[in-house]
Amino acid sequence: MDLFGVPIQALLGQLMLGIVNGSFYAVLSLGLAIIFGVLKIVNFAHGAFFMLGAFVAFMAGSYLGIDYWAALLIAPLVVAGIGMLFEYLFLRRVYGLDPIYGLLLTFSLVLVLEGGFRVAFGSSGQAYATPEALRGAINLGFMILPEYRAFVVAASVTVCLATWYVIERTRLGAYLRAATERSELTGAFGINVPLLVTLTYGAGVGLAAFAGVLAAPIFHVNPSMGSTLVIIVFAVVVIGGLGSIFGAVVTGLGLGIVEGFTRVFYSEFSSTIVFLVMVLVLLVRPAGLFGRTEG
Amino acid sequence: MPETARAHASGVDAAEPMLRIENLHAWYGESHVLHGVNVDVHPGEVVTLLGRNGAGKSTTLKSIMGIMPRREGSIRIQGEETIARPAHRIARCGVAFCPEDRGIYATLNVAENLELPPPVRPDGLSTDEVLALFPNLQGRLRSAGSKLSGGEQQMLAIGRILRTGARLLLLDEPTEGLAPSIVSQIGDTIRKLKEQGYTILLVEQNVRFAMTVADRYFILDQGRITDAHDKASFEDNFESLMASLGV
Ligand SMILES: Nc1ncnc2c1ncn2[C@@H]1O[C@H](COP(=O)(O)OP(=O)(O)O)[C@@H](O)[C@H]1O
Ligand SMILES: [Mg+2]
C-alpha cells in the first residue's frame, strides 16, 4: 500500500519515531515553560541539565553500580538539587533585570558544564546500555518498535500528565499558578515565593534530567547532546507559546510527528521544518499557538 | 490629636498599637513616593487613609505588606519591626491585604483563590463561614476567578483574607466602582468585623462611605501625612476637608 508514492510502512515507522522524538521535546519544553512562567527567565541551560541527567546516570552506573531504574529516579533528584543551588546562588540575582542577564548567566552555565564534561570524558561520548527488561521489540505489523522506545513514550506521557495534575489540581500547583500570574501579591498572601521559585527551577531542570536519562540508552552520552536538542526545544516553546504548559506538551509531540513525516517525504528538510513552522506560526500568532497576548 | 495622648500613655504594653508606621519612605525605581509617613492604628480601630489620587495611599499599604521595590523607616506590627522582612513573613505576623484591583487570580478558580493564603492564626473563618458571609459566592466555587463580577471579586478578595485569621486588615478602596447595594453590603461587613475586634486600615476615595465606618482619619498628600482627625473633629471640619481632598 502506498501513500503519495511512499510505502505506508515507512510512513507509520517515521510517525512512530517522530512520536519518540516528540516525547523528548514535550518533557523538555514542559520544564522550560514552567521555569519561564514563574521565573520569567528563559533557561538557556536547559539542554545542559538534560546532558547532566544523562551523565549522572552514566556515572552512577559506572562508578557506583546504580542501575537504570534507580538512576531514572536519582539522576533527576541530583540534577534538581544542583539546579536549585544554581538558582539560589546565582540566578536569583538577575530577576527583574533586563532579560539579557538571565540569558547570559544561563548560557555561561552551559559553557561551564559542557566544557567540564568535555575535559573529563572527551567529546566522543559514552555508551549507556539499554535496561535488560526492555531489550526486546514489539511487532506492530507495520514496523518493529524497540520496546525501549515505546517505554520512552509511555514514561514521557506519564511524567507530563503527572506534572499537569500537580499544577492544575493541587495546592502546590495553585501556589505555582498564583506566582506565575502575580508573584509579588502572592508573597503578600503569606506564600514563600522565593522558596517556590527555587523549587520550580529544581522541578524544571529535574524534568530535563529525566529526559536525559531516558535519552541515555538511545543517544551516546556526550557533552553536546543537550545543545543539539535544545535548539529545537526552544522553537517548540516559541511555537507553543512561552509559558503555556499545555501548549508546550502538545506542540512538542506534534512537532516530533511533523518532523517524522518530513523525513519520509523530503528528509534533507527534516531538521529545518520545525523552524519553518515557527516562522509561519509567529507570522499569524505572535504569542504562539497557545500563548495569551498580554492585555 | 488623640494619638499623641495614647502614645504617651503609661505602660508600654497597654498602649502598644496594632500598627505603628514611623518615618516611612518608599520608592518606585528612582521615583521617591513616600516622604516620611507616620500612622498608628490601635487594636479594634477602623482608621481611614484619605487623599487625592496619587497621594501615596496604595503605596503606604503596599509598603506595610513589604511589596514595594524599596522602603525605609519603621513599620511595627504589634510591636514587631517588619521593615526588613520579606512579604510572606509580614503576612505571617497576622496582617492581610486586599489590593485596589482586588488581586483575584484569573488562572485560579474561586475556591483556589479563596483558599490560596495559608492560615496564619488558628481562628480564621472556614470556607463555609465565608460563603455564609457572602452568599453571592455560593455555587461559584468552580468558576474561574476572571468570570466574577466586580462585586463578587471584591467579596472574594475580602473573604479570602478572613480565612487566614489575620486580625489586621488593609483594605484598598473596597467600594471603588461598585453598585450602591454592594457598597452597603461591604459597609455592613466592615462594621461586623469591627464588632468582632478586627483592626482595619482602610483606604477610601468615597468619603461618605468612610464616615459610616471610620474611627479616625489620616490625610495623605504628596507622600506626607498632612492632617489627622478623630470622628468628631472630622465632622466639624467636614466642608473644608472635602474641599482640600478635591471631592
Ligand atoms: N508601579 C508604579 N511605578 C511607578 N510609580 C508608581 C507606581 N504606582 C504608583 N506610582 C506613583 O506613586 C504615586 C503614589 O501612587 P499611589 O500610592 O498609587 O496613590 P494613591 O493610591 O493615593 O492614588 C503616584 O505619583 C503614582 O503615579
Ligand atoms: Mg490607590
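Proteins come first, then strands; the chains are lettered A, B, ... in the order of their sequence lines, and each starts at number 1.
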Engineer: Chain A: which of B:Leu116, B:Val120, B:Leu108 shares the most heavy-atom pairs with it under 4.5 Å?
Structural biologist: B:Leu116
Engineer: Between B:Pro99 and A:Leu185, what is the shortest heavy-atom contact and its length?
Structural biologist: CG-CD1, 3.9 Å
Engineer: Which atoms form the tightest heavy-atom contact between B:Thr107 and A:Glu181, and what is the distance?
Structural biologist: OG1-OE1, 2.5 Å
Engineer: Should we say atom OH of B:Tyr28 is surrounded by more than 12 heavy atoms from elsewhere, each under 6.0 Å from it?
Structural biologist: yes
Engineer: Take atom CZ of A:Phe90 as the centre, draw a 6.0 Å sphere, and report whether it contains more than 12 heavy atoms from other residues, nucleotides or ligands.
Structural biologist: no
Engineer: Does the side-chain contact (heavy atoms from CB on, under 4.5 Å) test come out yes or no for B:Arg160 and A:Phe189, once each step is laid out?
Structural biologist: CA-CA 9 Å; B:Arg160 170 167 64 184; A:Phe189 288 131; 3.4 Å; yes
Engineer: Please evaluate residues B:His88 and A:Asn192 with respect to the criterion side-chain contact (heavy atoms from CB on, under 4.5 Å), reporting the C-alpha separation (whole Å), side-chain torsions for both, the decisive distance (0.1 Å), and the verdict.
Structural biologist: CA-CA 5 Å; B:His88 67 272; A:Asn192 188 341; 3.3 Å; yes
Engineer: Over all heavy atoms of both residues, which pair between A:Ile191 and B:Pro118 is shortest? Give the atoms and the distance, please.
Structural biologist: CG1-CD, 3.8 Å
Engineer: Examine whether an atom of B:Ile90 lies under 4.5 Å from a heavy atom of chain A, and if so say whether it belongs to the side chain, the backbone or both; otherwise answer neither.
Structural biologist: neither
Engineer: At a 4.5 Å cut-off on heavy atoms, which part of A:Thr186 comes close to chain B: side chain, backbone, both, or neither?
Structural biologist: both
Engineer: Below 4.5 Å from any heavy atom of chain A, which atoms of B:Leu170 appear? Answer side chain, backbone, both or neither.
Structural biologist: neither
Engineer: Around atom OH of A:Tyr95, are there more than 12 heavy atoms of other residues, nucleotides or ligands at under 6.0 Å?
Structural biologist: yes
Engineer: Measure across A:Ala188 and B:Ala87 and return the closest heavy-atom pair with its distance rounded to 0.1 Å.
Structural biologist: N-CB, 3.9 Å
Engineer: I'd like to know if A:Arg177 and B:Glu112 make a salt bridge, using a cut-off of under 4.0 Å between side-chain N and carboxylate O.
Structural biologist: yes
Engineer: What closest approach, in Å, do A:Gly190 and B:Arg92 show between heavy atoms, and which atom pair accounts for it?
Structural biologist: O-NH2, 2.6 Å
Engineer: Out of A:Gly173, A:Pro194, A:Ala174, which one racks up the most heavy-atom pairs below 4.5 Å with chain B?
Structural biologist: A:Ala174
Engineer: Within the supplied structure, the quantity of interest is the number of heavy atoms (other residues, nucleotides, ligands) at a distance under 6.0 Å from B:Gln222 CD; does it exceed 12?
Structural biologist: no
